[in-house]
Protein chains: 2
Amino acid sequence: MSEGLVVNKNRTKNDLYETAGRLFSEKGYHGTTIRDIASAHGILSGSLYAHISSKEDLLFHLVDDGADTFLAALEPVVQGEGDGLQKLRDGLAAHIRVVTTQMNIAKVFLDDWTALGAERRKVIQEKRDRYERLWNQLLAQGISQGRIVTDHPKYLRILLLSVGNWVYEWYRPDGGLTPEALADTFMDIVLHGVLGRGEPAAPSGG
Amino acid sequence: MSEGLVVNKNRTKNDLYETAGRLFSEKGYHGTTIRDIASAHGILSGSLYAHISSKEDLLFHLVDDGADTFLAALEPVVQGEGDGLQKLRDGLAAHIRVVTTQMNIAKVFLDDWTALGAERRKVIQEKRDRYERLWNQLLAQGISQGRIVTDHPKYLRILLLSVGNWVYEWYRPDGGLTPEALADTFMDIVLHGVLGRGEPAAPSGG
DNA sequence: CCTACCGATCGGTAGG
DNA sequence: CCTACCGATCGGTAGG
């Protein structure tokens, strides 16, 4: 019965990653000090090294976790059966769901991975490439089914990922659209276009 | 006649801003030291302070310059006469032109402005708000002319700016599309959509 | 996880 | 723009 009172105990490594992720997301990797992280975690800076071996270790863990999260969200969509249009929408929703529900990890993955040393950056670059290939597959499926028609699949991919990535810059969890509603809204624009039937304005003086 | 030999002299403040902009863009504000900048500029770190009064001064100048550059590019488009569709395309082209031809300034403006102190961040926030309002005006013009039809003008603006901003993450000046061609490609997708005439896949087992 | 500390580097200054 | 430097803070360690 007294276990409800046990707070601030039994902090796990996950707490530490969460704290670091929040701070890196807010102030960037280089803008966050070891002492910031330790202080937010409620310990002294030297004590951090009982859990990690370097600041960059912390960054790599978060970035790698971010990469895996995006991959794990998209892979079942690409491999699934069904209509290519629906799958594309599901892919965008999966991406936006990661960005909105794991905003810190997504932001650190997207923004701070370049702070990694060459070797670890290469590991992440490979996962980024894999993620891009998954998107190409997803688009290729919709195109081969005739559900998507475009002369510029590459720029359609760039457009979708741009809009999906940029979500972390403006999205606020409280009171906004759900990730699914967001994906639907963006997909509606991209699928049907926004061109009206109005005529071009007459050249002035004509 | 000997003036052709006078090199590495007469460095101006603009050289310094360019150097700082390049380094901030590459490694971020916090990832760049005063000594990095001085060294790339060919002087010692203490000598920088003959030109600037603090590292944050340097950042503010670059970010503010970036804000003004985006505003100056978009304002004539919004105020100009003509077809709302063409103006929207011109607005996107103007934005992408800034990002691609002044990539360092654009990146520092978009990425590093949050490193500013509260007061200066507020100055930039106001210019960001102004820029957003300009985009809303531009969209409203196209909508009132009936050239643009959408239930979600806010998300159309977000989509266009997302795709415009993210350009700095992947664009490489050599061998890529021109800013105008890029804007045309993205606008084509957004105006006409990419929905094919294919039928939805039949439910499996149906 | 703390005490106590390390060498290196940070942004910045005085005086020329 | 250099010489010569400052106090503060950085990431990290030894020993408990």
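Hydrogens, waters and symmetry mates are skipped; everything else that's a heavy atom, side chains included, is used. Throughout, protein chains are lettered first and strands after them, A, B, ... in sequence-line order, and every chain is numbered starting at 1.
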*Using purine N1 to pyrimidine N3 plus N6-O4 or O6-N4 for Watson-Crick, or N1-O2 and O6-N3 for G-U wobble, each under 3.5 Å, what pairs with C:dG15?*
D:dC2

*Carboxylate-amine/guanidinium proximity below 4.0 Å for B:Glu81 and B:Lys87*: no

*Is the closest basic N to carboxylate O distance between B:Arg130 and B:Glu75 below 4.0 Å?*
yes

*Round to a whole Å and report the spacing from CG of A:Leu58 to C1' of D:dG12.*
14 Å

*Would you call the rings of A:His61 and A:Tyr17 parallel, tilted or perpendicular, where under 30° means parallel and over 60° means perpendicular?*
parallel

*When every nucleotide of nucleotides 3-11 of chain C is labelled 5' to 3' by its protein contacts under 4.0 Å (heavy atoms), B for base, S for sugar-phosphate only, - for none, what sequence of letters results?*
B------BB

*Give a yes or no on whether a salt bridge exists between A:Lys107 and A:Asp112, defined as a side-chain N under 4.0 angstrom from a carboxylate O.*
no

*Please state how far atom CD1 in A:Ile52 lies from atom C1' in D:dG12, giving the value in whole angstrom units.*
10 Å

*asked:* In whole Å, I'd like the distance from the CD1 atom of A:Ile37 to the P atom of C:dC1.
replied: 15 Å

*Using 4.0 Å as the upper bound for N to carboxylate O, is an ion pair formed by A:Arg120 and A:Asp64?*
no

*Among A:Trp135, A:Phe109, A:Trp113, find the residue that satisfies the ring-ring contact (aromatic ring centres under 6.0 Å, His included) test when tested with A:Phe70.*
A:Phe109

